[in-house]
Amino acid sequence: FYVFDSKTGSINIKKNFSSFLKPILNNDFVFLISKNNLMIAMDLQSGDIIYSYDLSEKVANFFNNKKKELIIKNFYMINNKIFIFLENSYLIQLDIKSEVDKIVKLPSTLGSTPIVVNNLLLYLNKKNNILLIN
């Protein structure tokens with residue numbers, strides 16, 4: 001993972017991990033999910049890792065059960081919360097400090113990129129129906 005200076009093109013930060021999803025930038029922080037499902041928050045100014053943890057373990061602890069493999073489809077920052085969409089139609093909502101707020105099963109599989117309007121989550125399911133989720 002590299003952070004480049006936009007004016008000079010020089011490398012400001014170099015870390016020994018990679019992300020399979022597009023990172024989220026929020027003020028002076030970057031949030032990313034590594035190839036082995038580590039949720040990482042990093043300070044863009046110093047390059048310090050704020051936190052790094054196994055998402056599968058976090059979900060297992062939330063449900064008080066055994067750790068299972070998660071297949072992550074995408075993640076977004078929405079209203080200062082991190083929304084992680086899983087392949088099996090679950091949604092993990094984390095606060096900015098990485099604590100699980102809730103985990104819910106969506107009524108349908110995502111067929112599009114979700115958007116938020118007036119605190120409602122809108123997306124197309126596989127059959128192109130619009131769904132509204134609080």
Participant: For the CG atom of L44 and the CG atom of D28, what is their distance to the nearest 0.5 Å?
Facilitator: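 The CG atom of L44 sits 6.5 Å away from the CG atom of D28.
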Participant: Please report the interatomic distance CG(N80) to CD1(I96), rounded to the nearest 0.5 Å.
Facilitator: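 Separation between the atoms: 4.5 Å.
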Participant: Checking D43 side chain against G47 main chain: does a donor-acceptor pair fall under 3.5 Å?
Facilitator: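 Pair absent, no side-chain N/O of D43 close to backbone of G47.
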Participant: Considering non-hydrogen atoms only, spot the tightest contact between F20 and K35 and give its length.
Facilitator: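 F20 and K35 have their closest heavy atoms at CD2-CA, 3.9 Å.
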Participant: So which atom in F1 and which in P23 form the shortest heavy-atom distance, rounded to 0.1 Å?
Facilitator: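 It is CE1-CG, 4.0 Å.
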Participant: Atom NZ of K58 and atom CD1 of I103: how far apart are they, to the nearest 0.5 Å?
Facilitator: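 Rounded to the nearest 0.5 Å, the NZ-CD1 separation comes to 10.5 Å.
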Participant: So does I50 get a backbone contact from the side chain of D48, meaning a donor-acceptor N/O pair under 3.5 Å?
Facilitator: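 Side chain of D48 to backbone of I50: no pair is present.
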Participant: Crowded around K105 NZ? As in, over 12 foreign heavy atoms under 6.0 Å?
Facilitator: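 Correct, the count exceeds 12.
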Participant: Determine whether I40 and I33 satisfy the following criterion, side chain to side chain contact (heavy atoms under 4.5 Å, CB included), listing intermediate values before the conclusion.
Facilitator: CA-CA 6 Å; I40 301 168; I33 299 174; over 6 Å; no
Participant: Tell me every residue that passes salt bridge (Lys or Arg N to Asp or Glu O under 4.0 Å) with K81, counting only those two or more places apart in sequence or in another chain.
Facilitator: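 By the salt bridge (Lys or Arg N to Asp or Glu O under 4.0 Å) rule, K81 matches D101.
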Participant: What residues form a side chain to side chain contact (heavy atoms under 4.5 Å, CB included) with I13, not counting sequence neighbours?
Facilitator: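 Result, side chain to side chain contact (heavy atoms under 4.5 Å, CB included) vs I13: V3, K15, M42.
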Participant: Check whether F85 and V100 end up in the same hydrophobic cluster, where Ile, Leu, Val, Met, Phe, Trp and Tyr are linked by side-chain heavy atoms less than 4.5 Å apart.
Facilitator: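 They do not share one cluster, since no chain of ILVMFWY contacts under 4.5 Å joins F85 to V100.
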Participant: Quick check: closest heavy atoms across P107 and Y123, and the distance to 0.1 Å?
Facilitator: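 That would be CD-OH, 3.9 Å.
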Participant: When rounded to the nearest 0.5 angstrom, what distance separates CE in M39 from OH in Y53?
Facilitator: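 These two atoms lie 5.0 Å from each other.
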Participant: Is the F63 ring parallel, tilted or perpendicular to the Y90 ring (thresholds 30°, 60°)?
Facilitator: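 F63 vs Y90 ring planes: perpendicular.
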Participant: Got a second to check how far L55's CG is from S98's OG, nearest 0.5 Å?
Facilitator: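 Here the interatomic distance stands at 9.0 Å.
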Participant: How long is the straight-line distance from CZ of F75 back to CD1 of I92, given to the nearest 0.5 Å?
Facilitator: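 Result: 12.0 Å between the selected atoms.
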